[in-house]
Amino acid sequence: MEAIDDVAAGMSPVEAAWIAVRDMLRRSLGARTFDGWLKPLGLDGFDDDSGVVTLAAPSDFMASWVATHFADQLRASWRAVLPHVTEVRVAARSESVRLASFGADSPSAIEPTVPVAVVEAAAPLAMIGTPLEARYTFDSFVVGKANEVAYNAARTLALGGPVTFNPLFLHGGTGLGKTHLMHAIGQDYLARHPDARVIYMSAEKFMFEFVSAMRAKDTLTFKARLRSADLLMIDDVQFIAGKDSTQEEFFHTMNEIISAGRRLIITADRSPQDLEGIESRILSRLGWGLVADVNPADFELRLNIIDKKLEGMTGATVPADVAMFLAKRISANVRELEGALNRVVAYATLLGRTIDMDFAQETLADLLRANQRRITIEEIQRRVSDHYRIRQTEMSSARRAREVARPRQVAMYLSKQLTPRSLPEIGRRFGGRDHTTVIHAVKQIEKLRAQDAELDADVRLLIRQLEG
Ligand SMILES: Nc1ncnc2c1ncn2[C@@H]1O[C@H](COP(=O)(O)OP(=O)(O)OP(=O)(O)O)[C@@H](O)[C@H]1O
């Protein structure tokens, strides 16, 4: 990290995050690209309500270059440190403000030290599109049950042998490693085929470039560039849902690539059959290839990912109980888990603190609240039915026999305690019962818990199971 200790004093969390973001960007992009394009940026502001970060660049040209070429990396790095960041904007700022904000940097840093031509020459021809992130490799990807099919498909594809499936379609929720796998494929493939043309871009960028090409009346260059790829990777294809002309172009690109026997990889946040607003001819093409899902990581995988990420952080000591705590409590997705780890390590470094459970809980209070498991009424009904060995349909039935009525009351009680649902809504979910029935059940179970040790133990056990 840059001389953090010198600048930590009196710093706001967003300023501290900016230092961590810069450090991550320097590591992922390499010093040369970082120094040329990102080092001159200053932090201009952060809007807590909207989650928008504004960065200031020394010139209009530089602002637009950075926004076009580094948007994905900036957003991902900011989100890794502050997950509630929704957008990163880059704007040009006036000379006087610029000098003030770059204080510590040398004035020469205000203008890019790498002129455009050099940057283009430095980026291999094969990497037109968005540069691949050096840290997203197969080695840094942790494999578990949740992602092994996708991982194996990715490795097979990267070998570059005969094309047995095309395209490869990876789908799964946000922050689960799809982009990581794509970049890993790209880098591995390039290492084996150094002359190959590998193009990675988000579907958003695909659309942006296509629309820009249409405006400039030069779609031929755009088409030629993309269709000449040996390996074309388009990330987050759900973005072009409902965008008709972009989909038309996308369909033809897909066709050209596949029929020429070149490789195509696509990701989306859901499976082809759940992708709404995407033309059926595209969906059916996707179905010809291999469709692999990336599932949410289980506890063991989350813990292994923490260990792996720690290997890459020199000087960071995270005790085992804190690592287990993070793996248990930050379960929404891997991006959040990584962000939590980065935040704890960055803040400890900035504040000169030792990482222990108290420090982790204090630093991650907002994330921990957001990750509290949301228990559903259906889950409660299932657990309670299993526990009392009755059919789940009895939760909504009209039967009043004790062996089903009591478990039903327990489930209503737990629904009131463990979910934010209103009494009328709980009643509705238990076979359309009235809210007064729910109030009666809650009171009844409260009374019984005080009198009946066995029932109290049942309820405690169920709460423990439901809270995971
Ligand atoms: N199995 C894994 N091993 C190591 N790191 C992982 C793994 N899964 C996810 N990550 C990390 O989590 C972060 C988010 O992953 P990534 O950007 O690939 O998610 P994504 O599925 O593409 O999400 P989105 O759909 O939002 O783009 C990355 O920093 C990535 O390195």
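Everything quoted here is computed from the prediction, not taken from an experiment. Indexing begins at 1, ligand by ligand and atom by atom, following the structure's order.
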Lys145 meets the side-chain hydrogen bond (donor to acceptor under 3.5 Å, both in side chains) criterion, sequence neighbours left out, with none

Residues passing the ring pair (Phe, Tyr, Trp, His ring centres under 6.0 Å) test with His387, sequence neighbours excluded, are none

Those residues at least two apart in sequence (or on a different chain) that pass ring pair (Phe, Tyr, Trp, His ring centres under 6.0 Å) with Phe222 are Phe206, Phe210

Ordered by chain then number, the protein residues lying under 4.0 Å from ligand 1 by heavy atom are Tyr136, Ser140, Phe141, Val142, Asn147, Gly173, Thr174, Gly175, Leu176, Gly177, Lys178, Thr179, His180, Asp236, Ile305, Lys309, Val334, Arg335, Glu338

Test item: [X] side-chain N/O and [Y] main-chain N/O as donor-acceptor pair under 3.5 Å:
X	Y	answer
Glu87	Val53	no
Asn152	Glu148	yes
Thr267	Asp236	yes

